[in-house]
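Notes for the one structure printed next.
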Amino acid sequence: MPAATPSSSPEFVILRELLEHESAFVSGSVLAEKLGVSRVAVWQQMEKLRGQGFVFEAVRSRGYRLVRRPAGLNAALVVAHLGARARSIRLLCLNEVDSTNDEAARLLAAGRPAPFVVLARRQTRGRGRLGRAWHSADNGNLYSSFAFRPRLAPGRMQTFTLWMGVNICELVANFCQVTPGLKWPNDLLFDGRKAGGMLTEARIDADQIRDLVFGLGLNVNSPASAWPGELARRAISLAEQVKEPLDLNRFTAALIGRVLLAYERFVDGDYLENFADLWHRYDVLRGRAVTLLEGEQRHSGTALGVDDEGALIIRDERGRTRRFRAGDVTLEKGS
Ligand code: BTN
């Protein structure tokens, strides 16, 4: 079973100190004291970090200064950036995995205590909704899965992905100053181009959810040229939208904090008070002509938003409204 990164690991403590002091020096003896180890042991930890792509300046009598950090996903950096509330989360950061959702499900089935987060630099079998593949190259994007054991009635799950979507939009808006839209039920978009997708999978006992995996794929730093074929036209990354690269590790830490908080509010149930209003703030379908594919059946009409249970409301041309809990939606051209 892969080991999780505990927030008290020496790398985390050292990095946190150095990040807090930005470009200033931190003395080796201060680090040694914080960790309760010798200065030689601190030096050994610094060597380990150097092996991961960190560059430190070391000056006798002044200590260490962080001058470069790895641009790619780095577990120690993510943990070092986590806010106090999220610091106890167990985090697995893998170079490669078939699917972070599958890995999280396997670990849950093996009895690993939840919550925990699985991150990967690359997936070999990343999955989307309806059995679609999720392109998952090692190109600065985020592949993440959050594992929970919610002990809720299965009926409560209807709004889970939508609620998470709203929270992720708010996080992106705060962190990047650009606001994505939500396309029911699980897409994050900028101007019709897909920046992210969510995949929630639950194992359900008779009257209770046994466990739940919330998967999020977010195009963070991939350049437009990184997309193969059709995707070049249909996908977009946050960096392309913001027009500069993002600090993936800091963003990932902020995301973890936000998802954990959103999960707590979901379990408490108080989110329902303003859920539909929040959804409407980001909803890209509302008021537009859409077609929903439900199995073999097509339903066309105007999207009116979602109800409190997360169902998409569509009014057809005869004025009848219908609610859909599942389906694949396309926007009609020119709507
Ligand atoms: C979709 O748009 O259909 C959902 C895409 C979800 C992709 C993410 S990437 C991390 C996690 N692992 C997976 O295999 N899928 C989800």
Side-chain angles (χ1 to χ4, degrees), residues 1-9 73 75 78-79 82 85-138 141-165 167-168 185-186 196-218 252-253 255-269 310 325-326:
M1 202 185 272
T5 304
S7 60
S8 55
S9 79
L73 191 65
V78 173
V79 176
L82 283 176
R85 282 172 61 95
R87 217 164 279 164
S88 59
I89 188 79
R90 278 167 291 260
L91 181 71
L92 267 84
C93 188
L94 307 169
N95 270 330
E96 179 182 294
V97 71
D98 50 356
S99 148
T100 53
N101 267 34
D102 289 346
E103 180 67 12
R106 285 189 291 263
L107 293 171
L108 281 168
R112 179 175 283 243
F116 61 87
V117 184
V118 182
L119 304 171
R121 294 189 182 89
R122 153 170 202 272
Q123 299 183 116
T124 52
R125 289 174 60 190
R127 297 182 288 107
R129 263 178 88 234
L130 310 171
R132 292 174 185 140
W134 184 258
H135 180 72
S136 305
D138 182 356
N141 289 341
L142 182 74
Y143 314 111
S144 59
S145 296
F146 296 77
F148 301 106
R149 295 188 205 275
R151 293 177 188 273
L152 291 174
R156 289 280 308 278
M157 291 320 300
Q158 298 291 351
T159 48
F160 183 82
T161 309
L162 281 63
W163 168 243
M164 286 296 172
N167 277 274
I168 290 158
N186 70 323
M198 301 173 282
L199 181 67
T200 304
E201 297 175 305
R203 285 195 303 167
I204 298 189
D205 291 332
D207 56 354
Q208 189 168 279
I209 298 161
R210 187 187 310 171
D211 49 44
L212 165 78
V213 176
F214 170 66
L216 171 70
L218 204 54
T252 303
L255 172 79
I256 292 172
R258 183 74 192 217
V259 169
L260 294 181
L261 193 64
Y263 174 77
E264 274 172 31
R265 290 196 59 201
F266 183 83
V267 172
D268 288 352
R325 291 194 183 282

Can you tell me if Tyr143 uses its side chain to pair, donor with acceptor, with the backbone of Val118 under 3.5 Å? no

Which atom of Trp163 lies closest to which atom of Asn167, heavy atoms considered: O-ND2, 2.8 Å

Find out whether Ile256 and Leu91 are in side-chain contact, i.e. whether some heavy atom of one side chain is under 4.5 Å from a heavy atom of the other. yes

Given side chains that start at C-beta, do those of Asn141 and Ser136 come closer than 4.5 Å, heavy atoms only? no

Evaluate the side-chain proximity of Ser144 to Thr100: yes if any heavy-atom separation is below 4.5 Å, no if none is. no

Is the closest side-chain heavy-atom distance between Arg106 and Asp98 below 4.5 Å? yes

Is the distance between the ring centroids of Tyr263 and Phe148 under 6.0 Å? yes

Do the non-hydrogen side-chain atoms of Ser145 and Val213 ever get within less than 4.5 Å of each other? yes

Sidechain-backbone polar pair: Arg203 side chain, Ala105 backbone, donor-acceptor under 3.5 Å: no

Are any non-hydrogen side-chain atoms of Thr252 and Val117 less than 4.5 angstrom apart? no

Is the side chain of Asn101 donor-acceptor paired with the backbone N or O of Leu199 at a distance under 3.5 Å, no angle test? yes

May I ask you to test the Arg112-Leu92 pair for a side-chain heavy-atom distance under 4.5 Å? yes

Determine yes or no for a side-chain-to-main-chain donor-acceptor pair under 3.5 angstrom, with Arg87 supplying the side chain and Leu82 the backbone. yes

Contact between Met164 and Thr200 at the side-chain level, heavy atoms closer than 4.5 Å - yes or no? no

Could you go step by step and tell me if Asp138 and Arg121 meet the salt bridge (charged side-chain N to carboxylate O under 4.0 Å, His left out) rule? CA-CA 5 Å; Asp138 182 356; Arg121 294 189 182 89; 5.7 Å; no

Heavy atoms of other groups near Arg85 CZ, more than 12 under 6.0 Å: no

